*Asks:* 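Pasting in a structure now, in structure tokens, and then I'll have a few things to ask.
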Amino acid sequence: MAKVKNWQIDREMEYPYAENRPKKQWAIVFDLNKCIACQTCTLACKTTWTSGKGQEYMLWNNVETKPYGSYPLAWDVRVLERLGHQAWEAKKPYYGKTIYEAAEAHEKAAHFSPEDQDWMYPNHGEDDCANQVNGGDYLSLKHDKWFFYLPRTCAHCTYPACLAACPRKAIYKRQEDGVVLIDQSRCRGYGECVKACPYKKSMYNPHTRVSEKCIGCYPAVEQGLQPQCVVNCIGKIRIMGFINPPWNAKADNPVDYLVHKAGLALPYYPQLGLEPNIYYIPPVHANQEYLQQMFGPNVNQAIDAYRILKDDKVAQGLLMLMGSTDRIIRRFEVKDDFAFGYDESGDELVSVPLVEKMITRTAFDEKFGAVRNNTP
Amino acid sequence: MSPIRFYLSTIFLSTVSFAQINVKKVTTNLSQDYQSVAVWQNADKEFSVSLMAQPMVTPKPKQTSVANVFVTALHDGKNLALRLRWSDPQINDSDKLKSYSDAVAVQFPINDNLQPPAVIMGHQGNPVHIFHWRYQYQMDVKQGSKREIQQIYPNMTVDMYPQDYKFTGNIPKATQEQKDAFLGGTAAGNPKSYYKPQGIDELMAEGFSTTVTRPNPQASAFGVWENNEWKVYILRPLKYQDGSSLQEGGKSHVAFAVWQGENEEVGGMKSLTMAWTPLLLMER
Ligand code: SF4
Ligand code: SF4
Ligand code: SF4
């Protein structure tokens, strides 16, 4: 085991391989306050990548309702259960055990081993609310009856458990963008990655008899395009970019800004120790204890930052840039009530107003001599 | 000293046990029959080889599943036939996730001499030649193809597969290659994704995690599970141009590994020999 730096838990930890950060790190930020579980992202990924034999129930992108939904069945509860009770004090490093540190001698990472049937109910728990809703109930803030939607892809972790557990070394992390891939020609289908990934984003294909996972849409990313599940997001809740570790953070990099500068977005289950690279703006009205378990003890700060968005024009502008272009925004700036996104060479990709102009249209259109109505 | 170094040094010092498998020569043609009781009546008595849980590479088994494999062998001047017997209370095939096939592997050094390579699948520059039988492959052979997804999940919901439409209209029918482009392992030419008509894989390795499947295997295999035990018969040519070659009258070495399906064994999860067993191809 090597000692590696994991900034998400703010300490060094054990990992089977030495620290080797890629030149760039693929990352997606999701604003959970806006996801409507329309599953357009899921379908965008499915029709692009997993329509073949053996992939019938395979969803590299999925959206589950929290707390009761899960795909595969109870993945989160089962891995947390396996890890056991661990403490994490706010504003302190996490001194509990990661899945690597909690591993027994025969395994690379503390894990549970899912069955195929666990993947057969991608919609289970959908829209199920935590707490019973009785006649006459109404909502107040924060919601005492709550649920939220959690869209998930592979997190292309800095310290992937899938890669660590593969005895065949068929999984690799690309230097150029940090995307984690299973070599489809070398994998022998042992399924060790399926067991080891705590997020259960490595999946077995019984037709080809090898394992597969989200490829981060690398063919698109190589051309400066954002992944399919990002550009097709109806709610415009996603932005893909490249994240730097906090010691190299750049304030004009969209992902760095949301994660490091504004502290709006957090990794999920960072205590597992993988340094996952999908980040979430937490849903502000959901149950705090639950959010702390999922996003760590500093989740309140992210919620507070979200609540004062109206005072932060830069963050506001950045959120407006989500879903505004299919190209990867490498740099952004907000000026004169507009947000601008730029590509790698500094060319402008898009500009959006912080507040959309309000246009009032009369009921009768003089030009066409027609009555306007809002029947779809 | 790291555990790997420790094992390597013990393996280099004590690679070979002293007793040997005596391979008698038969006058019948083994390629025509290497499985019948009559053929094996001519063989020397079984040699007991001890196995242990693979100890070096994590993930590894918690305990040894199969402690002994009983081996005997015959040759006819052209082919070597091995019979491997081990006790296994349950027969295991593999199709879906978390189903694990019973399997066995026999390994020969390629550059054989008095000091064969590391028994743990050879080492860099000194490869081994492995014959790997899986009950899964045998079940495929029985039906003449890999298990179709509809056989594995008969009640599964599926609309259609790309390029595989019932009514294509004016669009020309897709070729198999065009359809296979949607199957990761198949498109990448992964041997795991292809049917094995011989019921066996032949592999080359230069250490753990380096196996490469040889195209066009020349060996064949067949297993019988009866009375809570497996008897697996493997037939291989004595001579290979670029693999392990055996000399009539000469000595070689052999090593074994067994996977117990019900204990969820696959890959590095296996019981294996930590020493080479000498193998003598007798002239009579
Ligand atoms: S497309 Fe966007 S809004 Fe719809 S479920 Fe996916 S992430 Fe949520
Ligand atoms: S989320 Fe899972 S599959 Fe993806 S890189 Fe991390 S450990 Fe691997
Ligand atoms: S990044 Fe691409 S491959 Fe991964 S889940 Fe999204 S659409 Fe699918």
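What you see is a predicted model, and the numbers here were worked out from it, not measured in a lab. In the text below, chain A, chain B and the rest are named by the order of the sequence lines, each starting its count at 1.
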*Asks:* What residue, out of B:E264, B:M160, B:K96, B:R147, has the most heavy-atom pairs lying under 4.5 Å from chain A?
*Replies:*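 Of the candidates given, the most pairs with chain A belong to B:K96.
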*Asks:* Could you work out, with side chain to side chain contact (heavy atoms under 4.5 Å, CB included) as the rule, every residue matching A:R82, not counting sequence neighbours?
*Replies:*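 Counting only residues at least two positions away or on another chain, A:R82 forms a side chain to side chain contact (heavy atoms under 4.5 Å, CB included) with A:E104, A:E107, A:A110.
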*Asks:* Which atoms form the tightest heavy-atom contact between A:R168 and B:T210, and what is the distance?
*Replies:*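 Of all heavy-atom pairs spanning A:R168 and B:T210, the closest is NH1-C, 4.1 Å.
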*Asks:* To the nearest 0.5 Å, how far apart are CG in B:D159 and OG in A:S51?
*Replies:*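 Output value for this atom pair is 11.0 Å.
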*Asks:* Could you state the interatomic distance from CZ (B:F182) to NZ (A:K53), rounded to the nearest 0.5 Å?
*Replies:*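 If I round to the nearest 0.5 Å, the distance is 13.0 Å.
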*Asks:* Which atoms form the tightest heavy-atom contact between B:P59 and A:A165, and what is the distance?
*Replies:*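 Nearest pair, atom of B:P59 first, then A:A165: CD-O, 3.4 Å.
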*Asks:* With A:R11, which residues qualify under salt bridge (charged side-chain N to carboxylate O under 4.0 Å, His left out), at least two apart?
*Replies:*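 Counting only residues at least two positions away or on another chain, A:R11 forms a salt bridge (charged side-chain N to carboxylate O under 4.0 Å, His left out) with A:E101.
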*Asks:* Given that the side chain runs from C-beta out, which part of A:A105 has a heavy atom under 4.5 Å from chain B: side chain, backbone, both or neither?
*Replies:*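 Only the backbone of A:A105 comes within 4.5 Å of chain B.
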*Asks:* Between B:D95 and A:P206, is any pair of side-chain heavy atoms under 4.5 Å apart?
*Replies:*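 They are not in contact (no side-chain heavy atoms under 4.5 Å apart), so the answer is no.
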*Asks:* So which atom in B:S209 and which in A:P167 form the shortest heavy-atom distance, rounded to 0.1 Å?
*Replies:*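 Here B:S209 and A:P167 meet closest at CB-O, 2.8 Å.
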*Asks:* Look at atom OH of A:Y218 and say whether more than 12 heavy atoms of other residues, nucleotides or ligands are closer to it than 6.0 Å.
*Replies:*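 12 or below, so no.
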*Asks:* Would you mind checking which part of B:Q163 comes under 4.5 Å of any heavy atom in chain A, side chain (CB onward), backbone (N, CA, C, O), both or neither?
*Replies:*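 Neither part; nothing is under 4.5 Å.
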*Asks:* Sort by residue number and list every residue of residues 185-200 of chain B having at least one heavy atom under 4.5 Å from chain A.
*Replies:*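 Result: B:G185, B:T186, B:A188, B:N190, B:P191, B:K192, B:S193.
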*Asks:* Name the region of A:W49, side chain, backbone, both or neither, that has any atom closer than 4.5 Å to a heavy atom of chain B.
*Replies:*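 Neither; nothing under 4.5 Å.
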*Asks:* So, do A:V194 and B:K98 sit near enough that their side-chain heavy atoms are less than 4.5 Å apart?
*Replies:*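 No, every pair of side-chain atoms sits at 4.5 Å or beyond.
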*Asks:* Just wondering, are more than 12 heavy atoms of other shown residues or ligands nearer than 6.0 Å to NZ in A:K97?
*Replies:*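 Check fails, neighbour count at 12 or below.
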*Asks:* At a heavy-atom separation under 4.5 Å, does A:Q117 approach chain B through its side chain, its backbone, both, or neither?
*Replies:*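 Neither part; nothing is under 4.5 Å.
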*Asks:* Please report the interatomic distance CG(B:L97) to CZ(A:R209), rounded to the nearest 0.5 Å.
*Replies:*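 One gets 13.5 Å once the value is rounded to the nearest 0.5 Å.
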*Asks:* Could you tell me whether the side chain of A:E192 reaches within less than 4.5 Å of the side chain of B:M269, counting heavy atoms only?
*Replies:*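 A side-chain contact exists here, since the closest heavy-atom pair is under 4.5 Å.
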*Asks:* Within residues 172-182 of chain A, which residues come under 4.5 Å of chain B, heavy atom to heavy atom?
*Replies:*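 Within residues 172-182 of chain A, near chain B: nothing under 4.5 Å.
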*Asks:* Are B:Y161 and A:E56 close enough, and set up right, to give a side chain to side chain donor-acceptor pair (under 3.5 Å), and what steps lead you there?
*Replies:* CA-CA 9 Å; B:Y161 294 108; A:E56 294 80 2; 2.4 Å; yes
*Asks:* Crowded around A:K3 NZ? As in, over 12 foreign heavy atoms under 6.0 Å?
*Replies:*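 Counting neighbours around NZ of A:K3, more than 12 heavy atoms of other residues, nucleotides or ligands fall under 6.0 Å, so yes.
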*Asks:* Counting distance only, does the side-chain N/O of B:K146 pair as donor-acceptor with the main-chain N or O of A:H207 below 3.5 Å?
*Replies:*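 Yes, because the side chain of B:K146 sits within donor-acceptor range (under 3.5 Å) of the backbone of A:H207.
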*Asks:* With rounding to the nearest 0.5 Å, note down the distance linking OG1 in A:T208 to CG in B:D180.
*Replies:*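 Spacing of OG1 (A:T208) from CG (B:D180) equals 11.0 Å.
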*Asks:* I need the residue from A:A196, A:P114, A:A164 with the largest number of non-hydrogen atom pairs under 4.5 Å to chain B.
*Replies:*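 It is A:P114.
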*Asks:* So B:T213 and A:R188, do their side chains get closer than 4.5 Å, heavy atoms only?
*Replies:*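 Answer yes - side chains close enough.
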*Asks:* Sort out for me which of A:G189, A:G191, A:A170, A:C187 touches chain B most, counting heavy-atom pairs under 4.5 Å.
*Replies:*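 Among A:G189, A:G191, A:A170, A:C187, the one with the most close pairs to chain B is A:C187.
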*Asks:* Chain A: which of B:G267, B:A181, B:S99, B:A53 shares the most heavy-atom pairs with it under 4.5 Å?
*Replies:*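 Most heavy-atom pairs within the cutoff with chain A belong to B:G267.
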*Asks:* Is any side-chain heavy atom of B:T157 closer than 4.5 Å to a side-chain heavy atom of A:M120?
*Replies:*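 Counting from C-beta outward, B:T157 and A:M120 never come under 4.5 Å.
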*Asks:* Can you tell if the side chain of A:Y57 reaches within under 4.5 Å of the side chain of B:M156, non-hydrogen atoms only?
*Replies:*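 When only atoms from C-beta onward are counted, B:M156 and A:Y57 do touch, with a gap below 4.5 Å.
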